There are 2 protein chains.
Amino acid sequence: MNIGKAAVLSGLTVKTVRYYSDIGIISPHVNNNTGYRDFSEFDLAKLQFLAKARKFDFSLDDCRDLLALYENKERSSKEVKALTLEKIAEIDTKLSELQMLREQLSTLATACHGDNRPNCPILDALSEKTYQ
Amino acid sequence: MNIGKAAVLSGLTVKTVRYYSDIGIISPHVNNNTGYRDFSEFDLAKLQFLAKARKFDFSLDDCRDLLALYENKERSSKEVKALTLEKIAEIDTKLSELQMLREQLSTLATACHGDNRPNCPILDALSEKTYQ
DNA sequence: TTTAAACTCTCCTCCTACAGGAGGGTAAAG
DNA sequence: CTTTACCCTCCTGTAGGAGGAGAGTTTAAA
């Protein structure tokens with residue numbers, strides 16, 4: 001199938017699919033006359049796999065690994081699980097960072113009148129020298 | 001003071017400070033003979049302000065706005081608070097997205113034996129066609 | 001005084017994961 | 001035969017810098 005159909009069926013954009021071809025994460029057959037890419041069912045399956053893995057916040061490099069495991073019927077599930085647990089740990093780190101951030105900002109916002117007076121605890125906090 | 005000292009005192013890297021100068025978010029005086037940038041105390045204060053605002057996840061464009069308000073003694077705190085509340089809302093969105101992600105990944109990781117057998121619920125989920 | 005280390009400068013490329021658009025070829029429908 | 005909808009490559013831009021080359025400057029030690 002052509003790239004447009006592959007894009008629709010995988011939920012990716014044509015640009016994205018073309019990009020994945022360019023960086024070699026998938027390798028559809030190319031028609032020598034027209035230069036059109038031709039995606040097989042297996043190519044499509046990989047694109048759908050990629051779309052989902054990207055939604056799970058796996059980087060394209062992670063996806064390369066996952067895809068290699070996906071294609072290898074002899075793989076052990078150990079590696080996949082390790083990669084997943086690593087990703088979960090990353091997410092946890094990010095979550096706690098964001099939560100701290102939210103609390104600090106929330107505290108500042110609460111303290112700020114938000115009126116027309118120039119006094120503003122938010123800017124005060126940002127310009128405080130002692131707090132880093 | 002030179003860029004190195006300004007960087008240390010603001011907790012930024014020299015590269016970052018130079019970048020901020022390049023994009024005009026700060027404008028230190030430049031020595032015409034040597035080309036060396038010369039940072040005043042006020043420049044330093046702005047760099048420290050920027051370092052903190054960046055930690056609070058404000059984009060450099062946000063920082064431009066905040067800095068303008070910071071420099072304007074006649075500003076009202078309303079604008080600053082609005083910007084902050086907007087940022088909090090962004091963080092909330094990101095938080096819930098990440099939490100959903102974590103749950104899904106966690107569910108998959110739990111279901112996966114993580115042994116040497118090829119069977120792997122994680123890859124199964126990623127390659128499921130019906131689930132999008 | 002010379003020299004070596006430490007600092008600074010500009011300019012260049014690279015990173016992630018694409019998006020947007022120019023300029024042109026191709027395919028299918030009317 | 002023409003229109004419209006695809007498809008192609010190539011170039012640039014995004015955010016926020018990092019890394020490094022090659023060259024000038026300053027400072028401290030020998």
Side-chain angles (χ1 to χ4, degrees), chain A residues 1-40 43-44 46-67 87 90-91 94 97 101, chain B residues 1-40 43-44 46-67 87 90-91 94 97 101:
Chain A
M1 73 190 73
N2 281 348
I3 196 169
K5 192 171 176 192
V8 168
L9 292 181
S10 62
L12 298 168
T13 69
V14 168
K15 279 285 186 187
T16 299
V17 175
R18 208 170 272 140
Y19 176 67
Y20 289 173
S21 300
D22 287 347
I23 64 172
I25 204 165
I26 54 165
S27 302
H29 180 249
V30 177
N31 182 316
N32 283 333
N33 298 325
T34 64
Y36 280 26
R37 294 174 183 83
D38 182 27
F39 296 80
S40 67
D43 289 326
L44 177 60
K46 286 197 272 188
L47 286 176
Q48 292 172 328
F49 183 102
L50 283 167
K52 256 172 262 166
R54 291 289 297 134
K55 278 192 191 162
F56 281 137
D57 216 32
F58 286 103
S59 72
L60 285 180
D61 264 356
D62 288 338
C63 287
R64 269 183 218 277
D65 297 342
L66 286 172
L67 216 44
K87 182 57 60 180
E90 271 176 42
I91 292 176
K94 191 121 197 178
E97 280 174 5
L101 210 57
Chain B
M1 72 190 74
N2 280 347
I3 196 169
K5 193 172 177 193
V8 168
L9 292 180
S10 62
L12 299 169
T13 68
V14 168
K15 279 284 185 190
T16 299
V17 175
R18 206 169 274 138
Y19 176 67
Y20 289 174
S21 300
D22 288 347
I23 64 172
I25 203 165
I26 54 166
S27 303
H29 180 249
V30 178
N31 183 316
N32 283 332
N33 298 325
T34 63
Y36 281 26
R37 295 173 182 84
D38 183 27
F39 296 80
S40 68
D43 288 327
L44 177 59
K46 286 198 271 188
L47 286 176
Q48 291 172 328
F49 183 103
L50 283 167
K52 257 173 263 166
R54 291 288 299 136
K55 277 191 192 162
F56 282 139
D57 217 32
F58 285 103
S59 73
L60 284 181
D61 266 355
D62 289 339
C63 288
R64 268 183 220 277
D65 296 342
L66 287 171
L67 216 44
K87 182 56 60 180
E90 272 176 42
I91 292 176
K94 189 118 197 181
E97 280 174 6
L101 209 58

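For clarity, every value in this text was computed on a predicted model and none was experimentally measured. The sequence lines fix the lettering, A, B, ..., with proteins before strands; numbering per chain opens at 1.
- Between A:T16 and the phosphate of C:dA19, there is a side-chain N or O to OP1/OP2 separation shorter than 4.0 Å.
- Between the base of D:dG16 and the side chain of B:Y20 there is no donor-acceptor pair shorter than 3.5 Å.
- One can place OH of A:Y19 at 16 Å from C1' of C:dG20, the figure rounded to the nearest angstrom.
- Between the CD1 atom of A:I25 and the C1' atom of C:dA17 there is a distance of 11 Å, rounded to whole Å.
- Going from atom NZ of A:K55 over to atom P of C:dC18 covers 12 Å, rounded to whole Å.
- Remark: P of D:dG24 and CG of B:N32 are 18 Å apart, rounded to the nearest angstrom.
- Regarding contacts with the backbone of C:dT8, every side-chain N or O of B:R37 stays at 4.0 angstrom or more from both OP1 and OP2.
- A donor and an acceptor atom sit less than 3.5 Å apart, one in the side chain of B:K15 and one in the base of D:dG20.
- Taking atom OH on B:Y36 and atom P on D:dT25, their separation rounds to 8 Å, with Å as the unit.
- Applying the 4.0 Å criterion to OP1 and OP2 of C:dA19, one finds that A:T13 has a side-chain N or O inside that range.
- Across all strands shown, A:N2 has heavy atoms under 4.0 Å from sugar-phosphate atoms exclusively, and none from any base.
- Heavy-atom minimum distance, B:L67 versus B:I25: CD2-O, 3.8 Å.
- Using a 4.0 Å heavy-atom cutoff across all strands shown, B:R18 reaches at least one base atom of the nucleic acid.
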Carefully, step by step, assess A:Y20 and A:L60 under the rule side chain to side chain contact (heavy atoms under 4.5 Å, CB included). CA-CA 9 Å; A:Y20 289 173; A:L60 285 180; 3.6 Å; yes

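- The closest donor-acceptor contact from the side chain of A:D22 to the backbone of A:Y19 lies at 3.5 Å or more, if one exists at all.
- Summary of the strand contacts: B:R54 and B:T34 both lie near DNA chain D, and taking for each the nucleotide with the nearest heavy atom, the more 5' one is attributed to B:R54.
- As a whole-Å value, the separation of A:N33 CG from D:dC6 P is 22 Å.
- The side chain to side chain contact (heavy atoms under 4.5 Å, CB included) with B:L12 is formed by just one residue from the set B:V8, B:T16, B:V14; it is B:T16.
- Spacing between atom CD1 of B:I23 and atom C1' of D:dT14 amounts to 13 Å, rounded to whole angstrom units.
- Counting only distance, with no hydrogens or angles, the side chain of B:D38 and the backbone of B:M1 share a donor-acceptor pair below 3.5 Å.
- Taking atom NZ of residue A:K5 and atom C1' of nucleotide C:dA27, one finds them 16 Å apart after rounding to whole Å.
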